Amino acid sequence: VTAVDAGATGKNGTLMAGATWGAGMINSAVQLDGSANGYVTFPAGVVSALNDFSICCWVKADVSATWARVFDFGSGTGTYMFLAPVGGSGTVRYAITTGSYGSEQAITNSSAISTGTWHHLAVTLSGTTGVLYIDGKTVGTNSGMTLKPSSLGSTTQNYIGKSQYPDLNLTGSVDDFRIYARALSGGEIATLSTFVPSVPVGLAAVAG
């Protein structure tokens with residue numbers, strides 16, 4: 001039930017009852033069944049030290065559910081940051097707020113991601129410029145963002161696949177979830193979004 005933090009911070013994720021391990025884009029992925037307990041939770045303050053940042057991962061949404069979350073780090077409906085494959089206008093949406101929904105600072109794309117297919121999603125912040133990426137390409141920019149993860153304080157409800165609100169949980173899979181304490185460049189995001197299969201082993205050529 002533990003998703004081990006491969007970095008130095010030791011902030012492991014914990015799989016709830018509706019989250020299991022299955023085939024992923026890289027190796028194993030967390031598979032979420034969309035149920036009330038289909039999510040992963042992280043310790044308090046998982047992003048509280050971040051100013052400039054990058055969060056990226058591979059996502060395969062099996063169901064197109066409006067407001068389902070890839071991630072949502074917050075302390076309730078007044079303070080949070082999230083990434084949704086399908087926002088209220090039917091587009092991919094990243095948002096952060098310390099004053100509930102009406103005060104969100106957001107970055108959006110022109111469409112939602114397709115279901116049943118792996119996509120690489122990333123959001124970065126450098127100073128006041130936030131960038132949203134899909135499959136290694138810039139799809140949205142907001143140069144007037146004054147909020148950053150540290151603005152949220154020590155968040156107490158930190159999820160993959162679950163919202164601060166009573167929205168539907170994500171039905172799908174999440175793999176290679178990464179948090180960086182800096183804004184990755186477009187080239188670095190493109191590299192992470194380019195999946196190169198490992199070299200096969202144990203092959204033999206037989207004449208015929």
Side-chain angles (χ1 to χ4, degrees), residues 3 6 13 15 18-35 38-40 42 47 53-73 80-96 104 106-126 129-142 145 149 158-163 167-180 182-198:
L15 279 64
T20 57
W21 295 107
M25 185 66 180
I26 307 299
N27 284 302
S28 295
V30 171
Q31 294 184 337
L32 308 174
D33 65 5
S35 70
Y39 63 96
V40 177
F42 290 102
V47 294
F53 77 93
S54 304
I55 298 179
C56 50
C57 61
W58 287 96
V59 179
K60 180 167 69 71
D62 295 327
V63 175
S64 180
T66 303
W67 294 125
R69 304 292 206 253
V70 175
F71 69 82
D72 193 329
F73 301 146
Y80 55 81
M81 58 184 285
F82 73 83
L83 180 63
V86 188
S89 57
T91 66
V92 178
R93 180 181 176 89
Y94 164 77
I96 182 170
E104 287 183 357
I107 316 170
T108 59
N109 176 42
S110 59
S111 62
I113 60 173
S114 56
T115 57
T117 303
W118 284 102
H119 292 280
H120 191 265
L121 302 183
V123 60
T124 68
L125 180 71
S126 177
T129 300
V131 183
L132 177 65
Y133 297 86
I134 299 179
D135 296 330
K137 298 178 180 179
T138 300
V139 296
T141 302
N142 184 340
M145 304 196 76
N158 305 298
Y159 309 124
I160 288 178
K162 178 179 170 64
S163 170
D167 300 309
L168 292 174
N169 283 353
L170 181 69
T171 301
S173 302
V174 178
D175 196 2
D176 198 37
F177 191 88
R178 297 170 177 245
I179 302 175
Y180 293 87
R182 65 181 180 89
L184 298 182
S185 67
E188 288 173 311
I189 296 293
T191 297
L192 288 174
S193 69
T194 304
F195 174 62
V196 179
S198 58

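The model shown is predicted, which means the values in this text are computed figures rather than measured ones.
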Side chain to side chain contact (heavy atoms under 4.5 Å, CB included) between Tyr180 and Cys56, worked out: CA-CA 9 Å; Tyr180 293 87; Cys56 50; 4.0 Å; yes
Kindly give the heavy-atom pair with the smallest separation between [X] and [Y], and that separation in Å.
X: Gln31; Y: Ser173; value: CG-OG, 3.4 Å
X: Leu170; Y: Pro85; value: CD1-CG, 4.4 Å
X: Gly34; Y: Thr171; value: CA-OG1, 3.2 Å
X: Cys57; Y: Val70; value: SG-CG1, 3.6 Å
X: Val86; Y: Ala112; value: CG2-CB, 3.9 Å
X: Arg69; Y: Asp167; value: NH1-OD2, 3.5 Å

Once the angle between the rings of Trp67 and Phe82 is folded into 0 to 90°, is it parallel (under 30°), tilted (30 to 60°) or perpendicular (over 60°)? perpendicular
With under 30° as parallel and over 60° as perpendicular, where do the rings of Phe177 and Phe73 fit, or are they tilted in between? perpendicular
What's the separation between atom [atom1] in [X] and atom [atom2] in [Y], rounded to the nearest 0.5 Å?
X: Ser111; Y: Ile134; atom1: OG; atom2: CD1; value: 6.0 Å
X: Ser193; Y: Asp135; atom1: OG; atom2: CG; value: 6.5 Å
X: Thr20; Y: Leu32; atom1: OG1; atom2: CG; value: 8.0 Å
X: Trp58; Y: Asp176; atom1: CH2; atom2: CG; value: 9.0 Å
X: Ile96; Y: Glu104; atom1: CD1; atom2: CD; value: 10.0 Å
X: Asn169; Y: Ile160; atom1: CG; atom2: CD1; value: 12.5 Å

Min side-chain heavy-atom separation [X]-[Y] under 4.5 Å:
X: Trp21; Y: Leu15; value: yes
X: His120; Y: Tyr133; value: no
X: Thr141; Y: Thr129; value: yes
X: Ile189; Y: Thr138; value: no
X: Phe53; Y: Val123; value: yes
X: Trp118; Y: Asp175; value: yes
X: Leu121; Y: Leu83; value: yes
X: Met145; Y: Ile107; value: yes

Could you check whether any side-chain N or O of [X] sits under 3.5 Å from a backbone N or O of [Y], counting only pairs where one atom can act as donor and the other as acceptor?
X: Asn109; Y: Thr91; answer: no
X: Ser185; Y: Glu188; answer: yes
X: Ser54; Y: Arg182; answer: yes
X: Thr191; Y: Gly187; answer: yes

Do Val59 and His119 pass the side chain to side chain contact (heavy atoms under 4.5 Å, CB included) test, and can you show the C-alpha distance, the side-chain angles, and the key distance before you say yes or no? CA-CA 5 Å; Val59 179; His119 292 280; 5.5 Å; no
